[in-house]
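Structure first, then comments.
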Amino acid sequence: MPALFNHTIIASIDRAVSAEFYRSILEADEAPNWGPFTNLTLDGGVMLQFAEPPVEIQMQHYAFLVDDQHFDRAYQRLVSAGVEHWADPQMTRPGETNTEHGGRGVYFKDPSGHALELITKPYF
């Protein structure tokens, strides 16, 4: 069997708030929660687990591939909620999206400060 990505734990200041933010933007399904985790699942069965570690949270980067229609819905949610966003990872083009790599992309931060990216075409 080839290796498949199964799950990741995303450190959160408030796991319920973070999970709801990701659920809304990614249109993810809720999954049963257990122990210290609030869980969501993405298409393909990948699980996102949100936990509140007893340490300072270090920023991570998570990129998600979505289709054009999903991108439009997610971008509208970001704009409607007043979420600061950029066309580039250096955050020099605020309030914009990009059309690089043959698709569209946008960068923004989650409630815990992680850098998120939505793209409509893979980089390769």
Side-chain angles (χ1 to χ4, degrees):
M1 174 179 176
L4 299 173
F5 189 73
N6 182 260
H7 71 277
T8 192
I9 298 169
I10 299 174
S12 305
I13 294 168
D14 181 319
R15 66 186 188 171
V17 168
S18 290
E20 179 54 28
F21 181 82
Y22 282 72
R23 190 202 58 71
S24 173
I25 298 299
L26 300 177
E27 300 175 0
D29 293 324
E30 293 182 13
N33 302 323
W34 67 84
F37 304 113
T38 299
N39 302 315
L40 299 175
T41 55
L42 303 175
D43 283 351
V46 173
M47 184 178 291
L48 302 179
Q49 297 185 283
F50 300 88
E52 300 166 7
V55 297
E56 183 180 344
I57 295 173
Q58 300 296 309
M59 185 202 67
Q60 299 295 312
H61 174 75
Y62 302 101
F64 298 93
L65 179 65
V66 298
D67 65 25
D68 284 305
Q69 294 78 22
H70 187 149
F71 186 92
D72 290 338
R73 292 189 303 271
Y75 186 69
Q76 183 57 48
R77 288 184 191 108
L78 291 171
V79 170
S80 294
V83 174
E84 192 172 14
H85 59 281
W86 304 269
D88 61 319
Q90 296 80 19
M91 299 183 279
T92 64
R93 296 171 51 200
E96 298 179 33
T97 63
N98 70 61
T99 56
E100 295 153 14
H101 306 286
R104 295 184 290 161
V106 67
Y107 297 82
F108 54 100
K109 292 190 176 181
D110 79 359
S112 297
H114 297 299
L116 301 183
E117 177 182 5
L118 294 180
I119 55 174
T120 60
K121 299 285 183 196
Y123 290 142
F124 56 91

With clusters defined by side-chain heavy atoms of hydrophobic residues (ILVMFWY) lying less than 4.5 Å apart, directly or transitively, does [Y] cluster with [X]?
{"X": "Ile10", "Y": "Leu118", "answer": "yes"}
{"X": "Val79", "Y": "Leu116", "answer": "yes"}
{"X": "Leu42", "Y": "Tyr62", "answer": "yes"}
{"X": "Tyr22", "Y": "Phe71", "answer": "yes"}
{"X": "Trp86", "Y": "Leu78", "answer": "no"}

Spacing of [atom1] belonging to [X] relative to [atom2] belonging to [Y], to within rounding of 0.5 Å:
{"X": "Arg23", "Y": "Thr41", "atom1": "CZ", "atom2": "OG1", "result": "12.0 Å"}
{"X": "Met47", "Y": "Asn6", "atom1": "CE", "atom2": "CG", "result": "7.5 Å"}
{"X": "Ile13", "Y": "Glu56", "atom1": "CD1", "atom2": "CD", "result": "10.0 Å"}
{"X": "Phe50", "Y": "Phe21", "atom1": "CZ", "atom2": "CZ", "result": "10.0 Å"}
{"X": "Leu26", "Y": "Leu48", "atom1": "CG", "atom2": "CG", "result": "7.0 Å"}
{"X": "Ser18", "Y": "Leu40", "atom1": "OG", "atom2": "CG", "result": "10.0 Å"}

- Message: Once ring pair (Phe, Tyr, Trp, His ring centres under 6.0 Å) is applied, do any residues pair with Phe64, and if so which ones, sequence neighbours excluded?
- Response: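 Partners of Phe64 by the ring pair (Phe, Tyr, Trp, His ring centres under 6.0 Å) criterion come out as none, since no residue qualifies.
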- Message: Suppose the criterion is side-chain hydrogen bond (donor to acceptor under 3.5 Å, both in side chains): which pairs have a residue in residues 42-54, not counting sequence neighbours?
- Response: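 Sorted pair list: Asn39-Gln49.
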- Task: Grab the two heavy atoms, one from Ser12 and one from Ser112, that are nearest each other, plus how far apart they are.
- Result: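 For Ser12 and Ser112, the tightest heavy-atom pair comes out as CA-OG, 3.3 Å.
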State whether the side chain of [X] and the backbone N or O of [Y] hold a donor-acceptor pair below 3.5 Å, judged by distance alone.
{"X": "Arg77", "Y": "Ser24", "value": "yes"}
{"X": "Arg15", "Y": "Pro36", "value": "yes"}
{"X": "His114", "Y": "Gln60", "value": "yes"}
{"X": "His85", "Y": "Val83", "value": "yes"}

- Could you walk me through whether Asp88 and Tyr107 pass the side chain to side chain donor-acceptor pair (under 3.5 Å) check? CA-CA 6 Å; Asp88 61 319; Tyr107 297 82; over 6 Å; no
- Aromatic rings Trp34 and Phe37: how do their planes relate, parallel, tilted or perpendicular, breaks at 30° and 60°?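 Trp34 vs Phe37 ring planes: perpendicular.
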- Message: Any carboxylate oxygen within less than 4.0 angstrom of a Lys/Arg side-chain nitrogen, looking at Glu117 and Arg104?
- Response: no
- May I ask you to say whether Lys109 pairs ionically with Glu84, meaning some side-chain N is under 4.0 Å from a carboxylate O?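 Salt bridge flag = no for Glu84 with Lys109.
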- Any chance you could lay out the side chain to side chain contact (heavy atoms under 4.5 Å, CB included) test for Thr120 and Leu65, step after step, and finish with the verdict? CA-CA 6 Å; Thr120 60; Leu65 179 65; 5.6 Å; no
- Got more than 12 heavy atoms from elsewhere within 6.0 Å of CD, Glu30? no
